[in-house]
Amino acid sequence: MKELLFSGVQPTNVPHIGNYIGALKQWAELQHKHRSLFCIVDLHAITVPQDPKKLRQNILDTAAVYLAVGLDPKRCAIYVQSEVPEHVELSWILGTIMKISELERMTQFKDKSKKRGENVGVGLFTYPALMAADILLYDTTLVPVGEDQMQHVELARTIARRFNSNFGDTFTVPQPLIQKVGARIMALDDPKVKMSKSGAPVSFISLTDEPDAILKKIMRAVTDSGKDVVYDTVKQPAISNLMTIYHHATGKNMKEIENEFTGKGYGDFKAALADAIIAMLAPIQTKLNEYKKDPTELGRILDAGRDAASKLAGEKMKIVRERVGLGRS
Ligand code: AMP
Ligand code: TRP
C-alpha cells in the first residue's frame with residue numbers, strides 16, 4: 001500500500017526542542033520517503049483560549065518554522081487546518097460514534113482540564129474527534145508524533161475500525177510513528193514532566209532562543225544525584241534526558257556519549273550540550289528569519305497546500321456523506 005503521512009503542530013507560541021526532536025525533525029526526514037501533509041492545527045489551538053491577533057501571527061510563524069526545519073513545499077503540502085472545512089465536518093460525524101467514556105480516558109484532557117478547573121470548553125473534551133478527522137480524512141497510513149499524542153492516535157484507529165464496521169470499509173487504519181529515543185523530551189527543570197510550551201521559560205528551549213539563553217538554561221538544568229554521564233532513564237532520568245537531546249543534536253549514540261565524558265563531570269557535559277544545541281538551531285534560526293521576512297511566499301505556499309488538501313478532503317467527504325446517508329443523492 002502507498003504510504004501517506006499526516007501530522008500537525010498547534011500554532012501556539014514557538015515550538016521547543018521537544019517538538020523538534022519528537023516530531024518536526026522526523027517529518028523533515030520522512031517527507032523524502034512518503035507523500036506527506038503537514039497541517040497547522042489552528043482549530044485545535046482554540047480548545048484553550050487564544051488571543052485572536054496572536055493566533056493569526058502564530059499561524060504564519062508556525063508555517064515559517066515548518067519551512068525552516070526543512071519541510072519542502074515541493075514534496076509535501078503545508079496548510080492551515082481551518083482553511084479546509086472538511087476537517088470540522090468529519091469531526092462532527094466521528095463524534096457521533098465516539099464514546100464519552102473513551103474521551104474521558106484521555107490523559108491530555110485529564111491534565112489540561114485539571115489545570116483549567118471550571119474553565120473547560122466542550123472542544124477540549126472532543127479534541128480527539130477532530131484529531132481523528134485530520135488523520136482519517138486523507139487515508140493516512142503513518143502519523144509521526146511525540147509520545148504524548150499516542151493515545152489520540154490509538155483512538156483514531158479505534159474510530160476508523162468502528163466507522164468501517166458500522167458503515168462499510170471507508171477509512172484506512174493509521175499507524176503511529178514514534179522516535180525510538182526522544183519521543184518524550186522532559187522539562188529541563190523537572191525530568192518528571194514533559195517539556196511543554198506552557199511550562200516556565202527555564203523548562204524549555206524554544207527554537208528561537210539565543211545562544212546565551214540556551215547556555216544559561218542548560219547550565220541551570222536539573223541533574224541527578226550521581227556525577228557520571230551515564231544513560232539510565234530510571235536511576236538518572238535528568239542526565240538521560242539531556243543525553244537524549246545531545247544524541248539528537250550530534251548524531252552520537254549513547255555509548256559514544258558516555259565514552260566522550262568518562263572521567264568528566266556534568267559541567268563539561270552541559271557546556272558541550274549547550275554548544276551542540278546552539279549549532280543544531282543556528283541554521284534553523286537563519287532560515288526562520290528569512291521566511292518570516294517573506295509573508296507573500298509563505299502565503300503562496302499555504303494556498304497551494306490548502307488547494308492540494310482540499311481536493312483530497314472533498315473527494316473523501318463525498319464518500320463519507322453517502323455512507324452515512326447525509327444529504328441527497
Ligand atoms: P504540540 O505543540 O502540542 O502541537 O505538539 C506538536 C508535536 O510535538 C506533537 O507530535 C507532540 O507529540 C510533540 N511533542 C510535544 N511535546 C513533546 C516533548 N516534550 N517531547 C517530544 N515530543 C513532543
Ligand atoms: N494534537 C496534536 C498535538 O497537540 C496536534 C495534532 C492535531 C495532530 N491533529 C493531528 C498530530 C493529527 C498528528 C495528526 O500535538
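The structure displayed is predicted, hence computed values, not measured ones. Both ligands and their constituent atoms are indexed starting at 1 by order of listing.
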Report the nearest protein non-hydrogen atom to atom 14 (N) of ligand 1: residue, atom name, distance rounded to 0.1 Å. N19 ND2, 3.6 Å
What do you reckon, does I185 have a nitrogen or oxygen under 3.5 Å from a nitrogen or oxygen of ligand 1? yes
For atom 10 (O) of ligand 1, grab the closest protein heavy atom and report residue, atom and distance to one decimal in Å. G146 N, 3.2 Å
Answer yes when E258 and K255 have at least one side-chain N-carboxylate O distance shorter than 4.0 Å, and no when they do not. yes
Would D51 and K53 pass as an ion pair if we require N to O under 4.0 Å? no
Does only the side chain of H16 get under 4.0 Å from ligand 1, or the backbone, or both, or neither? Count heavy atoms. side chain
Closer than 4.0 angstrom, basic N to acidic O: yes or no for D139 and K316? yes
Ligand-residue contact atoms, ligand 1 with A183, heavy atoms, under 4.0 Å: 20 (N), 21 (C), 22 (N)
Between ligand 1 and G182, can you find any atom pair, the residue atom being a heavy atom, that is separated by under 4.0 Å? yes
Test your reading of the structure: does K197 have an N or O sitting under 3.5 Å from an N or O of ligand 1? yes
Side-chain donor-acceptor contact under 3.5 Å, Q108 with Q149: yes
Nearest protein heavy-atom contact for atom 23 (C) of ligand 1: which residue, which atom, what distance? G18 O, 3.6 Å
Should Q10 be counted as touching ligand 1, given the test is an N or O pair under 3.5 Å? yes
Could R321 and E89 be called an ion pair, given the rule that one side-chain N must be under 4.0 Å from one carboxylate O? yes
Hey, does I178 have a side-chain heavy atom less than 4.5 Å from the side chain of V145? yes
Result of checking V65, I301, I78 against L71 for side-chain contact (heavy atoms from CB on, under 4.5 Å): I78
Atoms of ligand 1, numbered as shown, that sit under 4.0 Å from any heavy atom of A23: 7 (C), 8 (O), 10 (O)
Between D303 and R300, does at least one N-O distance fall below 4.0 Å, as a salt bridge requires? no
Under 4.0 Å from a heavy atom of G22: which atoms of ligand 1 are those, numbered in the order shown and with their elements? 21 (C), 22 (N)
When you check ligand 2 against the protein, what N or O pairs turn up below 3.5 Å? List the atom names and distances, or just say none.
unit_1, atom_1, unit_2, atom_2, d
ligand 2, 1 (N), Y127, OH, 2.6
ligand 2, 1 (N), Q149, OE1, 3.1
ligand 2, 4 (O), Q10, NE2, 2.9
ligand 2, 4 (O), Y127, OH, 2.9
ligand 2, 4 (O), Q149, NE2, 3.3
ligand 2, 9 (N), D134, OD2, 2.6
ligand 2, 15 (O), Q149, NE2, 3.3

Determine, stepwise, if the pair H152 / F109 fulfils ring pair (Phe, Tyr, Trp, His ring centres under 6.0 Å). CA-CA 10 Å; H152 293 154; F109 173 71; over 10 Å; no
Backbone or side chain, does any N or O of D148 fall under 3.5 Å from an N or O of ligand 1? yes
Any nitrogen or oxygen of V9, side chain or backbone, less than 3.5 Å from one on ligand 1? no
May I ask you to check whether over 12 heavy atoms, not counting those of R162, lie within 6.0 Å of atom CZ? yes
Does any N/O atom on V145 come nearer than 3.5 Å to any N/O atom on ligand 1? no
Whether the Q31 and D72 side chains hold a donor-acceptor pair (N or O, under 3.5 Å, no angle test) is what I'd like checked. no
M195 neighbourhood, listing ligand 1 atoms whose heavy-atom distance to it stays under 4.0 Å: 16 (N), 18 (C), 19 (N)
Backbone of K252 reached by a side-chain donor or acceptor of H247 within 3.5 Å: yes
Ion pair check, K318 and E322, cut-off under 4.0 Å: no
Single-linkage hydrophobic cluster I135~L37, side-chain heavy atoms < 4.5 angstrom: yes
Quick check: S7 and ligand 1, any N/O pair under 3.5 Å apart? no
For R184, atoms of ligand 1 separated by under 4.0 Å from a heavy atom: 20 (N), 21 (C)
